[in-house]
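Only one structure is covered here, and it is reproduced in the block below.
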Amino acid sequence: MRADVRQVADGTYLVHGGHTNWVILTDGDAVTLIDTGYPGDRRPLLDSLAAVGSSPEAVAAVLITHAHNDHLGSAQYLRAAHGTPVLLHPAEVPHARRDFLQQVSVRTVLRNAWRPGVLPWALHVLRSGGTERHPVLSPEPFPGDGALDLPGRPVPVHTPGHTDGHCVYHLPDAGVVVSGDALVSAHATSRIPGPQLLPDMFHHDRARALASLDVIAELDADVLLPGHGPVHRGLVKEAARQARERAF
């Protein structure tokens, strides 16, 4: 699989991997990487860095929206091979270490196997290493509040529900929100295109996931870079409203 790299703003790139996206923020030679795809996405991940004129050695930090395997896949590899810090919300740090796991269970997937798209998605998960154990050995909480001193100046915004420590990343200067799985624009198990919550089985706490849409709606941005699906252009406030309406 080749990396599908799309520039969406100055120094901001959305990369479509195997069913999961990641984001590259550049500032000169330095890079911030937001999420890393599945373990099986490592080659496309490294290729995507090369495609924007960078390298793994130039990654100043890996920011994780949440510690599911399709977002955490190569975080430990980058930390171990290059000393790259892996940063998350404090509530997500133990999740990244695998002190516990807030992820859809095999039993729940099997109960939903009759739904359109679930079986092909589950096969992709298996082939991409989505059920393997890939903890980050020394994940770190964000150093302080507000914008991070990293390329792109991303601002972490806590949006719990999908997991307890899920964060989106606001890029105020670019008018962009990197939304992870708090707000997506498509998914292999959904028949609906456009802004939406993931299907209920994927959320650790659906009520909090719904409430986090209101947090996202307060962010001043008109470009949404989701963890799943294509870039969405238009007021993020309206995207969050549409997702809420579709959730009922």
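This is a predicted model, so every value here is computed, not measured. Count residues from 1 along the sequence.
The backbone N or O of Val215 lies less than 3.5 Å from no partner atom in the side chain of Ser212, so there is not a single donor-acceptor pair. Judged by distance alone, the side chain of Asn21 and the main-chain N or O of Gly229 form a donor-acceptor pair under 3.5 Å. Remark: the backbone N or O of Gly17 is not paired with any side-chain donor or acceptor of Asp41 at under 3.5 angstrom. Side chain of Ser128 to main chain of Gly130: no donor-acceptor pair is present (N/O by atom type, distance under 3.5 Å, no hydrogens or angles). Judged by distance alone, with hydrogens and angles left aside, the side-chain atoms of Ser74 form no donor-acceptor pair with the main-chain N or O of Tyr77 at under 3.5 Å. Looking only at distances, no side-chain donor or acceptor of Glu92 sits under 3.5 Å from a matching main-chain atom of Thr65. Using a distance-only test at 3.5 Å, with no hydrogens or angles considered, no donor-acceptor pair links the side chain of Gln242 to the main chain of Gly194.
Separation of the Tyr169 and Trp22 ring centroids does not fall under the 6.0 Å cut-off.
Every pair passing ring-ring contact (aromatic ring centres under 6.0 Å, His included) that includes a residue from residues 29-65 is listed here, sequence neighbours excluded: Tyr38-His124. Sorted by first and then second residue, the side chain to side chain donor-acceptor pair (under 3.5 Å) pairs involving residues 172-187 (not counting sequence neighbours) are His66-Asp181, His71-Asp181, His162-Asp181, Asp181-His228, His187-Thr189.
If you chain together hydrophobic residues whose side chains sit under 4.5 Å apart, Val59 and Leu25 never meet in one group. Linking Ile, Leu, Val, Met, Phe, Trp and Tyr residues whenever their side-chain heavy atoms come within less than 4.5 Å leaves Phe142 and Val93 in two separate clusters. In terms of hydrophobic clustering, with Ile, Leu, Val, Met, Phe, Trp and Tyr side chains grouped at heavy-atom distances under 4.5 Å, Leu119 and Val125 are assigned to different clusters. Placement of Val136 and Leu46 within a single hydrophobic cluster is found when ILVMFWY residues are connected by side-chain heavy-atom separations under 4.5 Å, directly or transitively. Following chains of ILVMFWY side-chain contacts shorter than 4.5 Å, one can reach Val157 starting from Ile216, so the two form part of one hydrophobic cluster.
Nearest heavy-atom pair across Leu88 and Ala96 is CD2-CB, 3.8 Å. The minimum heavy-atom distance linking Val118 with Ala113 is given by the pair CG1-CA, 3.9 Å. Considering every non-hydrogen atom in both Ala75 and Thr36, the closest pair reads N-OG1, 3.6 Å. For the residue pair Ala182 and Leu197, the shortest heavy atom distance occurs at O-CD2, 3.4 Å. Closest approach of Ser48 and Val15 over heavy atoms only: CB-CG1, 3.8 Å. Shown here for Arg208 and Gly161, the closest heavy-atom pair between the two residues is CB-CA, 3.7 Å.
Every residue two or more places apart in sequence or in another chain was checked for a salt bridge (charged side-chain N to carboxylate O under 4.0 Å, His left out) with Asp205, and none qualifies. Residues that satisfy the ring-ring contact (aromatic ring centres under 6.0 Å, His included) test with His158, not counting sequence neighbours, are His89. Listed by chain and residue number, nothing satisfies the side-chain hydrogen bond (donor to acceptor under 3.5 Å, both in side chains) test with Arg246 (two or more places apart in sequence, or in another chain). Under the rule for a side-chain hydrogen bond (donor to acceptor under 3.5 Å, both in side chains), Arg153 has no partner lying at least two apart in sequence or in another chain. Every residue meeting the salt bridge (charged side-chain N to carboxylate O under 4.0 Å, His left out) condition with Asp214, not counting sequence neighbours, appears here in chain and number order: Arg244. Under the salt bridge (charged side-chain N to carboxylate O under 4.0 Å, His left out) criterion, Arg42 pairs with no residue, sequence neighbours left out. Checked against side-chain hydrogen bond (donor to acceptor under 3.5 Å, both in side chains), Gln76 has the following partners two or more places apart in sequence or in another chain: Arg79. With sequence neighbours excluded, no residue satisfies side-chain hydrogen bond (donor to acceptor under 3.5 Å, both in side chains) with Gln7. Not counting sequence neighbours, the partners of Glu238 by the salt bridge (charged side-chain N to carboxylate O under 4.0 Å, His left out) test are Arg241.
Atom-to-atom distance recorded for Leu63:CG and Leu148:CG is 6.0 Å, nearest 0.5 angstrom. For the atom pair NE2 of His166 and CD1 of Ile64, the computed distance is 11.0 Å after rounding to the nearest 0.5 Å. Between Tyr13 atom OH and Leu225 atom CG the span is 13.0 Å, to the nearest 0.5 Å. In this structure, Thr26 OG1 and Ile24 CD1 are separated by 8.5 Å, a value rounded to the nearest 0.5 Å. Considering CD of Glu132 and CG of Leu126, their distance stands at 9.5 Å, rounded to 0.5 Å. Separation of atoms NE2 (His134) and CG (Leu137) is listed at 12.0 Å; rounding is to 0.5 Å.
Atom CG of Asp99 has more than 12 heavy atoms from other residues, nucleotides or ligands within 6.0 Å. Atom CZ of Arg191 is surrounded by more than 12 heavy atoms from other residues, nucleotides or ligands within 6.0 Å. In the displayed structure, Arg6 atom CZ is contacted under 6.0 Å by at most 12 heavy atoms of other residues, nucleotides or ligands. Heavy-atom neighbours of Asp220 CG from other residues, nucleotides or ligands within 6.0 Å: at or below the threshold of 12.
Side-chain heavy-atom separations under 4.5 angstrom define the hydrophobic clusters, and the remaining members of the one that includes Val106 are Leu110.
A side-chain N or O of Asp164 and one of Gln102 form a donor-acceptor pair less than 3.5 Å apart. The closest side-chain donor-acceptor pair between His204 and Thr163, if any, does not fall under 3.5 angstrom.
Residue Val231 forms a side chain to side chain contact (heavy atoms under 4.5 Å, CB included) with just one option from Leu14, Leu224, Val176, and that option is Leu14.
When side chains are defined from C-beta on, Leu87 does not count as touching Val62, because their heavy atoms never get closer than 4.5 Å. Residues Leu198 and Arg206 form no side-chain contact, since every pair of their non-hydrogen atoms from C-beta on lies 4.5 Å or further apart. Contact check for Leu33 versus Leu45: side-chain heavy atoms found under the 4.5 Å cut-off.
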After noting the C-alpha distance and the side-chain angles of Val23 and Asp35, does the key distance pass the side chain to side chain contact (heavy atoms under 4.5 Å, CB included) rule? CA-CA 7 Å; Val23 172; Asp35 287 343; over 6 Å; no
Could you give me the CA-CA distance, side-chain angles and deciding distance for Val178 and Val168, then say whether side chain to side chain contact (heavy atoms under 4.5 Å, CB included) is met? CA-CA 6 Å; Val178 181; Val168 305; over 6 Å; no
Could you walk me through whether Thr20 and His68 pass the side chain to side chain contact (heavy atoms under 4.5 Å, CB included) test, one step at a time? CA-CA 11 Å; Thr20 304; His68 285 164; over 6 Å; no
